[in-house]
Enquirer: 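My questions all concern the structure below.
Quick caveat: nothing in here was measured; it's all calculated off a predicted structure. Computed over heavy atoms, backbone and side chain alike; hydrogens, waters and symmetry mates excluded.
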Amino acid sequence: MRQPEPPRSRPALVVIGGLPATGKSTVGRAVARRLGASYLRIDTIEQSLSVFSAYGADTDALCHAVTHGLGYDVAYALAEDLLTQGLHVFAECVNPLKVTRDAWAAVARRTAAQFHEVELICSDPAEHAHRATTRTVDIPGLPLPTWQDITERDYAPWDRPHLTLDTAGKPPDHTITELSNALALTP
């Protein structure tokens with residue numbers, strides 16, 4: 001006789017935000033993998049959308065759409081689909097503005113998912129600059145932002161409680177464990 005599966009907690013939407021080169025991809029991917037969760041990365045979505053220019057799409061119009069939220073809109077829709085299937089979803093993105101943060105919260109409300117907002121920071125400017133200028137691209141064709149792009153980026157302060165993890169002076173495994181413990185999610 002087959003044993004019934006233990007009840008699963010309701011799905012969780014974990015949005016990992018922060019400036020480029022703070023460790024979002026490394027940490028988010030690893031924690032999602034530990035939990036067997038889905039992982040959405042805005043950079044992957046936006047870079048895939050930008051490829052349409054090779055197929056005759058209006059490059060200027062597409063670039064404008066991508067930089068003004070199309071990638072986020074696709075991610076919101078994918079996250080909602082995955083959450084309604086009962087899957088945990090990790091969404092990794094800069095998440096720079098109140099409007100993007102509110103949109104993620106709306107996805108969680110619509111799907112009755114647990115909602116965890118995480119901001120990764122690197123409080124040591126020299127370390128952050130070093131990371132930004134020495135990292136390698138892992139998405140073919142993706143242009144990485146310069147240190148100047150990062151420091152001049154429009155990035156609004158958070159207006160509500162969220163988990164903030166500082167990655168400065170720590171190996172990624174430390175932050176991965178820190179986030180895993182803070183979330184306390186089960187697969």
Side-chain angles (χ1 to χ4, degrees), residues 13-33 37-82 89-104 107 117-158 162 164-173 175-176 179:
L13 173 58
V14 180
V15 181
I16 301 174
L19 289 172
T22 56
K24 298 181 308 294
S25 298
T26 301
V27 171
R29 211 177 298 162
V31 178
R33 188 178 309 118
S38 298
Y39 175 75
L40 300 174
R41 184 175 178 192
I42 294 293
D43 286 345
T44 302
I45 294 168
E46 289 180 343
Q47 183 58 26
S48 295
L49 290 170
S50 73
V51 171
F52 282 115
S53 65
Y55 298 106
D58 179 343
T59 304
D60 291 337
L62 183 62
C63 288
H64 183 269
V66 168
T67 58
H68 288 86
L70 183 58
Y72 276 82
D73 287 342
V74 170
Y76 304 143
L78 289 170
E80 192 162 337
D81 280 351
L82 293 165
V89 175
F90 280 67
E92 182 258 304
C93 53
V94 173
N95 206 18
L97 305 171
K98 182 178 181 350
V99 66
T100 60
R101 297 170 192 152
D102 289 348
W104 286 117
V107 169
E117 292 180 288
V118 181
E119 180 183 25
L120 295 190
I121 64 168
C122 182
S123 62
D124 179 343
E127 181 179 346
H128 195 181
H130 177 74
R131 289 181 191 178
T133 57
T134 60
R135 67 188 181 148
T136 56
V137 67
D138 63 344
I139 300 171
L142 178 71
L144 293 176
T146 65
W147 178 239
Q148 183 175 349
D149 293 337
I150 293 169
T151 59
E152 294 177 358
R153 183 178 192 119
D154 188 12
Y155 189 85
W158 293 65
H162 65 284
T164 302
L165 299 176
D166 189 351
T167 62
K170 301 181 216 176
D173 286 347
T175 306
I176 291 164
L179 179 56

Enquirer: For the pair D149 (side chain) and T146 (backbone), establish whether a donor and an acceptor sit closer than 3.5 Å, ignoring hydrogens and angles.
Expert: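 Yes.
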
Enquirer: Quick one: are L78 and I45 in side-chain contact, heavy atoms under 4.5 Å?
Expert: yes

Enquirer: Determine the minimum heavy-atom distance between P96 and Y72, stating which atoms define it.
Expert: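 Nearest heavy atoms, P96 then Y72: CD-OH, 3.5 Å.
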
Enquirer: Step by step, work out the side-chain contact (heavy atoms from CB on, under 4.5 Å) result for T22 and H128.
Expert: CA-CA 7 Å; T22 56; H128 195 181; 3.7 Å; yes

Enquirer: Any side-chain to backbone donor/acceptor pair from S38 onto V89? Under 3.5 Å, distance only.
Expert: no

Enquirer: Is the shortest heavy-atom distance from the side chain of L165 to the side chain of I121 under 4.5 Å?
Expert: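 With C-beta onward as the side chain, the pair stays apart.
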
Enquirer: Say you draw a straight line from CG of L40 to CG of L82; how long is it, rounded to the nearest 0.5 Å?
Expert: 6.0 Å

Enquirer: With S123, which residues qualify under side-chain hydrogen bond (donor to acceptor under 3.5 Å, both in side chains), at least two apart?
Expert: D166

Enquirer: Show the numbers, then the answer: is there a side-chain contact (heavy atoms from CB on, under 4.5 Å) between V15 and V118?
Expert: CA-CA 6 Å; V15 181; V118 181; over 6 Å; no

Enquirer: Could you tell me which non-hydrogen atom of R101 sits nearest to which non-hydrogen atom of P157, and how far apart they are?
Expert: NH1-O, 3.2 Å

Enquirer: Might you work through the side-chain contact (heavy atoms from CB on, under 4.5 Å) test for Y76 and T100, ending with a clear yes or no?
Expert: CA-CA 10 Å; Y76 304 143; T100 60; 3.7 Å; yes

Enquirer: Side-chain contact, heavy-atom cut-off 4.5 Å: P20 with R153?
Expert: yes

Enquirer: For W158, enumerate each residue passing the side-chain hydrogen bond (donor to acceptor under 3.5 Å, both in side chains) test, keeping only those at least two apart in sequence or located in another chain.
Expert: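 E119, Y155.
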
Enquirer: For residues L144 and T136, report the shortest heavy-atom separation together with the two atoms involved.
Expert: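 Nearest heavy atoms, L144 then T136: CD1-C, 4.0 Å.
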
Enquirer: With rounding to the nearest 0.5 Å, note down the distance linking CD1 in I16 to CG in N95.
Expert: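 The CG atom of N95 is 11.0 Å from CD1 of I16, to the nearest 0.5 Å.
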
Enquirer: Considering all heavy atoms of both residues, which atom of W104 and which atom of A91 are nearest to each other, and what is their separation?
Expert: CH2-CB, 3.4 Å

Enquirer: May I ask you to test the V31-F90 pair for a side-chain heavy-atom distance under 4.5 Å?
Expert: yes

Enquirer: Quick check: does any side chain N or O of T26 sit under 3.5 Å from a backbone N or O of G23, one acting as donor and the other as acceptor?
Expert: no

Enquirer: If you look at every heavy atom in I42 and G71, which pair is closest and at what distance?
Expert: CD1-O, 3.8 Å

Enquirer: Who passes side-chain hydrogen bond (donor to acceptor under 3.5 Å, both in side chains) against Y39, sequence neighbours left out?
Expert: E92

Enquirer: To the nearest 0.5 Å, how far apart are OG1 in T175 and NZ in K170?
Expert: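 Atom-to-atom, T175:OG1 and K170:NZ are 4.5 Å apart.
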
Enquirer: Strictly by salt bridge (charged side-chain N to carboxylate O under 4.0 Å, His left out), give each pair with a member in residues 130-144 just once, sequence neighbours left out.
Expert: R29-D138, R41-D138, E127-R131

Enquirer: About how many Å separate CG of L49 and CG of D73, when rounded to the nearest 0.5 Å?
Expert: 10.0 Å

Enquirer: Among residues at least two apart in sequence or on other chains, which ones pass side-chain hydrogen bond (donor to acceptor under 3.5 Å, both in side chains) with H130?
Expert: none

Enquirer: Rounded at 0.5 Å granularity, tell me how far CG in L120 sits from OG in S25.
Expert: 10.0 Å

Enquirer: Rounded to the nearest 0.5 Å, what separation is found between the CG atom of D43 and the CD1 atom of I139?
Expert: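 Reported value, rounded in 0.5 Å steps: 5.0 Å.
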
Enquirer: Would you please name every residue forming a salt bridge (Lys or Arg N to Asp or Glu O under 4.0 Å) with K98, sequence neighbours left out?
Expert: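 If we apply the salt bridge (Lys or Arg N to Asp or Glu O under 4.0 Å) test to K98, skipping adjacent residues, the hits are D102, D159.
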
